[in-house]
Structures are given as structure tokens and as C-alpha cells.
Amino acid sequence: MTILARTATIAGLALLLGLPQGAVAQQAPARAPDAGPGMLTAQVFSKPPEMPGGGVSPYDDSGLNLRVKADFEAQLAAQQRGRVESEARADYLLLFESGIIPAEDVPQGPSLGSAEVTESGVDVSVNVWSLEEDSVLGGRQEQPDVDSSVFHINAVLRERSSGKVAWQGDAYYRLSGPETERVARAMVAPLVEKIGQSVAREPFEID
């Protein structure tokens, strides 16, 4: 298959599957992971050094955020992800914000299918028929109930001297009761675990 023909094939598959044209270059799951009430996404922009000296700072110094800040500092030390230092001496700053958002504001992924370009051609995986998932014959299924709320933590690791972002992570967790603080503080450990890594829509659960 020539490069031109392969490019045209990819564009056609993107339209068929309802995916962005650049999304079919790598194989994606046929359905976004929904194994648990939590989801993690993270992106590395420049690899931070091992055990960097870092300070933790919330954008909003509410009572909950100050407790979450202490949890971040404890987890950075416990997981050996960095040396906790004052902001004035830190090489990196871990900045974060947190709060409750509507469930419909959580980023959604494609679910009709996937395609992968290989040396021998293009491998396509399509949901042809399903009563529960999006499919070609069944069409788009109704979205799940979005009346629920989700707790969201966004964290950014920024080099203090240059201001450049080295890493960014987002954790989302569906709330099923009034225990917002317990959920918020329990989300810190899995988010810290992803510092310096890139992950896409990784499900997680907390105790």
C-alpha cells in the first residue's frame, strides 16, 4: 500500500468510526475503560529528574485543599517521588486545584471502534452490533446518567526557574455519597504515583 493510499484509507476509517483522523494511527480500546468509578489521565512534557526538590501549592487555600496539600507532601515522601521543600528553595512546584464538577464535564473517549496501521495494512476493529455499547448497526447508545457529580483534581509539575510544565495529571472520581473529603484525599496517592508518566483514561478505585 502506498503512503498516499494508506493516508486516504486512514481518513476514511476515521470518518467511519467517528474518530479524529489522527486517532487511528495507534490502536485504542473499543470502549473507554469504565471498570471503576475513578479515571486517571497524565501527560509528560519533559522528564523531571529523580527525586526533585519540590514544593506543593494549591491554587485555592481552602480547608480541604490544605489537607489535600499535606496528603500530597506525605505521598511524595512515601512514594519517593520528590523531596518536599519550601517553595522558595524548590526546583519544582506541584500546583493543584480540586473541586466537584458535573459528570458530563469528564472527558469522554471514542467508543465505536478502533483502527491500527501495520506493516501489512490496516487492522480495523468495529462494534457492529450492541445493545449496550455504541455500534454501527445499533447507533449511538444513550449516555449514562449524568446527574451524578465527580470530584476532580488537576495537578501540574512546573519547573520554578523556567516556568515550564514538566508533567500534568488529572484524577476524576464519581461521588456516590456525602464523603467528599474522604474521596478527595484518597485520590492523591494514585495521582502521585503517575508523576513522570503518561497514561490515558486509566481506571482506578479507592478503598
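Sequential numbering from 1 along the given sequence is applied to the chain's residues.
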- Message: Salt bridge or not between Glu87 and Arg160? Use side-chain N to carboxylate O under 4.0 Å.
- Response: no
- Determine whether the aromatic ring centres of Phe72 and Phe96 lie less than 6.0 Å apart. yes
- Task: Would you sort out whether Ser198 and Val44 count as a side-chain contact (heavy atoms from CB on, under 4.5 Å), showing the intermediate values?
- Result: CA-CA 6 Å; Ser198 293; Val44 175; 3.7 Å; yes
- Query: If you measure from OG1 on Thr41 to CD on Glu202, what distance do you get to the nearest 0.5 Å?
  - Reply: 10.5 Å
- For the hydrophobic clusters of this structure (ILVMFWY residues joined by side-chain heavy atoms under 4.5 Å, transitively), does one cluster hold both Leu95 and Val84? no
- Side-chain heavy-atom pair Leu76, Leu94 within 4.5 angstrom cut-off: yes
- Message: Using 0.5 Å steps for rounding, measure from the CG atom of Leu64 to the OG atom of Ser98.
- Response: 5.0 Å
- Query: Can you find a heavy atom in the side chain of Glu205 that is under 4.5 Å from one in the side chain of Pro37?
  - Reply: yes
- Task: Could you grab the distance from atom CD of Glu97 to atom CG of Asn65, nearest 0.5 Å is fine?
- Result: 9.0 Å
- Before giving the answer on ring pair (Phe, Tyr, Trp, His ring centres under 6.0 Å), spell out for Phe151 and Tyr172 the whole-Å C-alpha distance, their side-chain angles and the decisive distance to 0.1 Å. CA-CA 6 Å; Phe151 199 86; Tyr172 304 88; over 10 Å; no
- Query: Is there a side-chain contact (heavy atoms from CB on, under 4.5 Å) between Val106 and Met39 once you walk through the steps?
  - Reply: CA-CA 9 Å; Val106 177; Met39 181 185 75; 3.7 Å; yes
- Can you sort out the partners of Glu73 under side chain to side chain donor-acceptor pair (under 3.5 Å), two or more places apart, ordered by chain and number? Lys69
- Message: Pair Ile100, Val150 - check side-chain contact (heavy atoms from CB on, under 4.5 Å), show working.
- Response: CA-CA 6 Å; Ile100 298 174; Val150 172; over 6 Å; no
Residues 179-192, side-chain donor-acceptor partners within the protein, below 3.5 Å, at least two apart:
| residue | atom | partner | partner atom | Å |
| --- | --- | --- | --- | --- |
| Glu179 | OE1 | Arg182 | NE | 2.7 |
| Glu179 | OE1 | Arg182 | NH2 | 3.4 |
| Glu181 | OE1 | Arg67 | NH2 | 3.4 |
| Glu181 | OE2 | Arg67 | NE | 2.9 |
| Arg182 | NH1 | Asp207 | O | 2.6 |
| Arg185 | NE | Asp71 | OD2 | 2.6 |
| Arg185 | NH2 | Asp71 | OD1 | 3.1 |

- Find the distance between CD (Glu85) and CZ (Arg89) and round it off to the nearest 0.5 Å. 5.5 Å
- Would you please classify the geometry between the Tyr173 ring and the Phe204 ring as parallel, tilted or perpendicular, with 30° and 60° separating the classes? tilted
- Item | Rounded distance (nearest 0.5 Å) linking atom CH2 of Trp167 with atom CD1 of Ile195 | 5.0 Å
- Task: Would you check if Asp91 and Ser161 make a side-chain contact, meaning some heavy-atom pair closer than 4.5 Å?
- Result: no
- Query: Does the Lys194 side chain pair with the main chain of Leu40, one donor and one acceptor, at a distance under 3.5 Å?
  - Reply: no
- Query: Between Asp170 and His152, is a side-chain contact (heavy atoms from CB on, under 4.5 Å) present by the stated rule, with each step listed?
  - Reply: CA-CA 7 Å; Asp170 289 273; His152 173 220; 2.7 Å; yes
- Minimum heavy-atom distance Ala90-Gly55, with the two atoms named: CB-N, 3.4 Å
- Would you name the heavy atoms of Tyr92 and Pro52 that are closest together and state the gap between them? CD1-CB, 3.7 Å
- Item | Gln168 vs Asn154 side-chain heavy atoms within contact, under 4.5 Å | yes
- d(Met51 CE, Arg81 CZ) to nearest 0.5 Å is 10.5 Å
